[in-house]
There are 2 protein chains.
Amino acid sequence: MVAVTSANAAEQERPARVSGIDKIERRRVALAESALKTLGELGYARTSLREIANNSEFTHGVVHYYFRDKIDLISYCVRYYKTKCARRYDEVVETATSGEELVTGFLAKMTQTLVDETPMHKLWYDLRAQSMFEEQLRPDVEAIDKLLEEMIWRILGRYADLTATTPTVDAPTAYALIDGLFEQAVVGYAANPDKTPDLLTDRLLQVLPKLVAA
Amino acid sequence: MVAVTSANAAEQERPARVSGIDKIERRRVALAESALKTLGELGYARTSLREIANNSEFTHGVVHYYFRDKIDLISYCVRYYKTKCARRYDEVVETATSGEELVTGFLAKMTQTLVDETPMHKLWYDLRAQSMFEEQLRPDVEAIDKLLEEMIWRILGRYADLTATTPTVDAPTAYALIDGLFEQAVVGYAANPDKTPDLLTDRLLQVLPKLVAA
DNA sequence: GAGATTTCTTGACAAGTGTCAAACAAAGTC
DNA sequence: GACTTTGTTTGACACTTGTCAAGAAATCTC
């Protein structure tokens, strides 16, 4: 069970017996997972606490027992989510023994998560947009963005190693470029689920070689 | 006065005297402009029709007199907005006489609109995210995305001409890359308005040369 | 200027929201 | 087994939302 730590320090208030503290955490995780399902389908704006409760085995009162308010819940969900998403390519990075193998594995994993976890990605881009208007979301969004940037940077660094080259762009740039392509794919996936993964692969193949040089 | 045409054909219902038809259009544009101001500040989700009316010289009933419902208004706003945004770089493209001049002009215009029209850009990325959940927004969002892609492609094509090179990526890829950088800047602008424009410039300078080759 | 038409204001409606509190059930403590 | 603590349900609250309709005001037509 992952202990989701706060990015803006604000929930060591509910006392709770010491023996039950991770039972509480378990419940919060269950709530969060259920909430994430609903959020991924409806998006941030259209998801109400009651809707979250309805799509779970709990009642709407329970939500409020475990979370101070809506932002607290969403914020917790986001932090929970980030612990799962940024390590997605680690195995590929560690096991690949050639540049080509790394690229192949990376592309496979990326198109796979595009298809398998579309709602989560939609939610992420939604939340990042919301963070421009809702200040309370910003710290969490920034933290995830940083995590994703590091993820991309690890991949690119390893790719450079394997191909005896060096990156030609810095980490934020590399992240923005690849994220731009991926977001385009996530948005396009709704309209064209069949062709989008191949298009993403094709476009990444156009770009990746340009990000390194001897 | 711009006649905003419908992307999903659905507003030739209100009869209205022939002489007054563009008076109606004028009112709609005034409403739309006011709505865009509010939308840019609050974002799609947090903007209500009443809030739009309050920030305008009209009452909330008028909004309903000129627009069937909320989506109709937002949709109109989006279409109105797009007529203004996609021609932003045309002058630079047409007047530049060297690659360097084009790049300089392009970067200047882009950082300028980042700073001067932040709310509009925030709204655009918000709306694009919402379109993943709200199907009714999709046609309009797709249309704008296409317009922006063509805009980027014109710039890159001209840049290639001026430098006697050819683009090394296709239009959707080029758009996704540059848009990724710009979105990163828009999101980052809230947290760091001082440094973000320079960072954007720096990153674009890293990328642009890689998008063409002899 | 009378009468018809268009435009706008106002107030209401049903539905949905986040929040909370009081009653109830379960579990743990001595 | 009584009693306290913890967990859950239920129903209510104040408020906001989109939508609409009835009537007042302004405008146009003749």
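The shown structure was predicted, so the numbers you read here are calculated from the model rather than taken from an experiment. Below, chain A is the first sequence line, B the second, and so on; all start at residue 1. Keep in mind that the numbers below use all heavy atoms, side chains included, and drop hydrogens, waters and symmetry copies.
- Between Gly61(B) and Thr47(A), the residue anchored closer to the 5' end of DNA chain C is Gly61(B), taking for each the nucleotide with the nearest heavy atom.
- Rounded to a whole Å, the CZ atom of Phe67(B) is 12 Å from the P atom of dC8(C).
- Distance, Asn54(B) CG to dT9(C) C1': 14 Å, rounded to whole Å.
- With Tyr159(B) as the aromatic partner, Lys210(B) does not meet the cation-pi criteria of under 6.0 angstrom to the ring centre and within 45 degrees of the ring axis.
- Picking from dT19(C), dG18(D), dG7(D) the nucleotide with the shortest atom distance to the side chain of Tyr66(A) gives dG7(D).
- Side chain of His60(A), nearest nucleotide from dC8(C), dT9(D), dT19(C): dT19(C).
- Rounded to a whole Å, the CZ atom of Arg68(B) is 10 Å from the P atom of dT19(D).
- Per the geometry, CD belonging to Glu51(A) stands 17 Å off P belonging to dT19(C), to the nearest Å.
- Between Arg27(B) and dC8(C) there is a side-chain polar atom (N or O) within less than 4.0 angstrom of OP1 or OP2.
- We find that CZ of Arg46(A) is positioned 13 Å from P of dG18(C), with the value rounded to whole Å.
- In this structure the side chain of Tyr125(A) reaches within 4.5 angstrom of the side chain of Asp179(A), judged on heavy atoms.
- Comparing dT19(D), dT9(D), dT10(C) against the side chain of Asp69(B) picks out dT19(D) as the nearest.
- Regarding contacts with the backbone of dT16(D), every side-chain N or O of Ser48(B) stays at 4.0 angstrom or more from both OP1 and OP2.
- Following rounding to the nearest Å, Ile52(A) (CD1) and dT17(C) (P) show an atom-to-atom distance of 11 Å.
- Using cut-offs of 30° and 60° for the angle between ring planes, the Phe182(A) and His121(A) rings count as perpendicular.
- Picking from dT9(D), dC8(C), dG18(D) the nucleotide with the shortest atom distance to the side chain of Arg50(B) gives dG18(D).
- Checked against dT6(C), dA12(C), dT8(D), the side chain of Tyr65(B) finds its nearest nucleotide in dT6(C).
- Atoms NE2 (His64(B)) and C1' (dC13(C)) sit 13 Å apart, rounded to a whole Å.
- Looking at Glu150(B) and Lys146(B), their side chains come closer than 4.5 Å, going by heavy atoms from C-beta outward.
- When rounded to the nearest whole Å, the span between CG of Leu42(B) and C1' of dT16(D) equals 14 Å.
- Panel note: side chain Ser34(B), backbone Ala30(B); no donor-acceptor pair is recorded below 3.5 Å.
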